[in-house]
Amino acid sequence: MSTMRANIAKGGTMKVAKGVRGVRSVRAKASAVPLPDLPYDYGALEPYISGDIMKLHHQMHHGTYVKNFNGLLEKQADFEQKGDYASLISIQQAIKFNGGGHVNHSIFWKNMCPKSDYAPPSGALGKKIDETFGSLEALETKMSAMAAGVQGSGWGWLAYDPAKDNIFVTTTSNQDPLVTQGNYVPLLGVDVWEHAYYLQYKNKRPDYLSNFFEVVNWKDVEERYNAAT
Ligand SMILES: [Fe+2]
């Protein structure tokens, strides 16, 4: 995505020349942020994650975040154009929530793959995981424990810290994207909102987490790590 398109997708603005009097700032008439397709069928992660969950989660939950995010970006552009900065500021929490929901789920879908495509991490990421956590199993145990401990709704993360060149596990609340904690790169995210597992696992979040690790797309995680480093 070009810098300009990325900026517009974030609800950014485009500087447009306005005669000799300088520039004015208007939101480009870009198409709305789309709900991305899943890279596999809804039932492709069974039996680890049911097709019913995947369909509902993608169409209804992620779909709603995208719909709300687009509405908020339109509002933000209107407020900016009118110079109504108090109103613009008042919607930032909603933008963080719905935009975060879109950002987080967009990573999450790609972080998983059918079991038939599963392969453990190798290369530079595999080495880094062993150095940092001791083994892949140790990473999974630590990340599962932290994600299981999220009070209410949120996300568990394997993240990369460019400043320290290290990887670590952490959690965020609600739909806060990882960037709200610092300049970190999300490598692997796991959704621990009840909507991600309740239909199949009821209140057993740890069971969902251990099954999630059966369908992690480590190739995708590795690509994110390689791009970040
Ligand atoms: Fe979700």
Side-chain angles (χ1 to χ4, degrees), residues 1 34-59 61-63 65-66 100-133 135-148 150 154-161 167-172 175 177-179 184-193 195-197 199-201 205-229:
M1 184 184 283
L35 174 65
D37 290 334
L38 296 189
Y40 38 72
D41 294 337
Y42 286 124
L45 305 184
E46 290 186 347
Y48 306 99
I49 300 179
S50 76
D52 283 349
I53 286 181
M54 292 301 292
K55 187 174 180 183
L56 191 71
H57 198 172
H58 177 250
Q59 292 184 352
H61 291 276
H62 190 176
Y65 296 127
V66 167
H102 172 55
V103 167
N104 293 341
H105 286 89
S106 298
I107 297 168
F108 181 57
W109 308 133
K110 290 182 177 172
N111 275 166
M112 298 184 288
C113 66
K115 185 66 175 174
S116 55
D117 294 337
Y118 178 91
S122 58
L125 177 64
K127 190 163 171 267
K128 193 73 170 178
I129 288 171
D130 287 346
E131 283 171 7
T132 307
F133 300 100
S135 66
L136 176 62
E137 291 70 30
L139 159 62
E140 291 177 357
T141 300
K142 186 168 185 183
M143 190 167 160
S144 293
M146 287 185 73
V150 170
W155 290 76
W157 298 101
L158 172 66
Y160 176 68
D161 180 351
I167 57 174
F168 62 101
V169 291
T170 187
T171 62
T172 54
Q175 290 297 356
L178 184 64
V179 72
Y184 307 134
V185 180
L187 302 176
L188 172 64
V190 60
D191 187 344
V192 291
W193 281 61
H195 68 227
Y197 61 88
L199 278 181
Q200 186 173 5
Y201 294 101
R205 189 190 283 181
D207 289 359
Y208 156 68
L209 286 162
S210 61
N211 280 280
F212 164 76
F213 278 107
E214 297 290 329
V215 288
V216 168
N217 183 354
W218 286 107
K219 190 168 176 289
D220 177 66
V221 181
E222 217 166 308
E223 282 168 11
R224 292 173 193 279
Y225 177 72
N226 292 339
T229 55

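Numbers for residues simply follow the sequence, beginning at 1.
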Which atom names give the shortest non-hydrogen contact between [X] and [Y], and what distance separates them?
X      : Y      : value
Val190 : Phe108 : CA-CE1, 3.9 Å
Asn211 : Asp207 : ND2-O, 2.8 Å
Trp218 : Ala119 : CB-O, 3.3 Å

Mutual orientation of the aromatic rings belonging to His57 and Trp109 [parallel < 30°, tilted 30-60°, perpendicular > 60°]: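 If you compare the ring of His57 with that of Trp109, the planes turn out perpendicular.
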Evaluate Ile49 against Met112 for side-chain contact (heavy atoms from CB on, under 4.5 Å), listing each step before the verdict. CA-CA 10 Å; Ile49 300 179; Met112 298 184 288; 3.7 Å; yes
Is it true that, when you exclude Lys110 itself, more than 12 heavy atoms of the residues, nucleotides or ligands shown sit nearer than 6.0 Å to its NZ?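 Atom NZ in Lys110 is not crowded, with 12 or fewer foreign heavy atoms closer than 6.0 Å.
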More than 12 heavy atoms from other groups under 6.0 Å of NZ on Lys115: yes
According to side chain to side chain contact (heavy atoms under 4.5 Å, CB included), who are the partners of [X], at least two apart in sequence or on a separate chain?
X      : result
Val150 : Thr171, Val192, Arg205
Asn111 : Ile107, Leu188, Asp220, Val221, Arg224
Ser135 : Glu137, Ala138

Would you please indicate yes or no on a ring centroid separation below 6.0 angstrom for Trp193 and His105? no
For residues Tyr184 and Trp157, establish whether the separation of their ring centroids is below 6.0 Å.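 Ring centroids of Tyr184 and Trp157 are no less than 6.0 Å from each other.
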Please lay out, stage by stage, how Ser106 and His62 fare under the test side-chain contact (heavy atoms from CB on, under 4.5 Å). CA-CA 9 Å; Ser106 298; His62 190 176; 3.6 Å; yes
Between Tyr225 and Lys128, is there a cation-pi geometry (under 6.0 Å to ring centre, at most 45° from the normal)?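 The answer is no, since Lys128 fails at least one limit relative to Tyr225.
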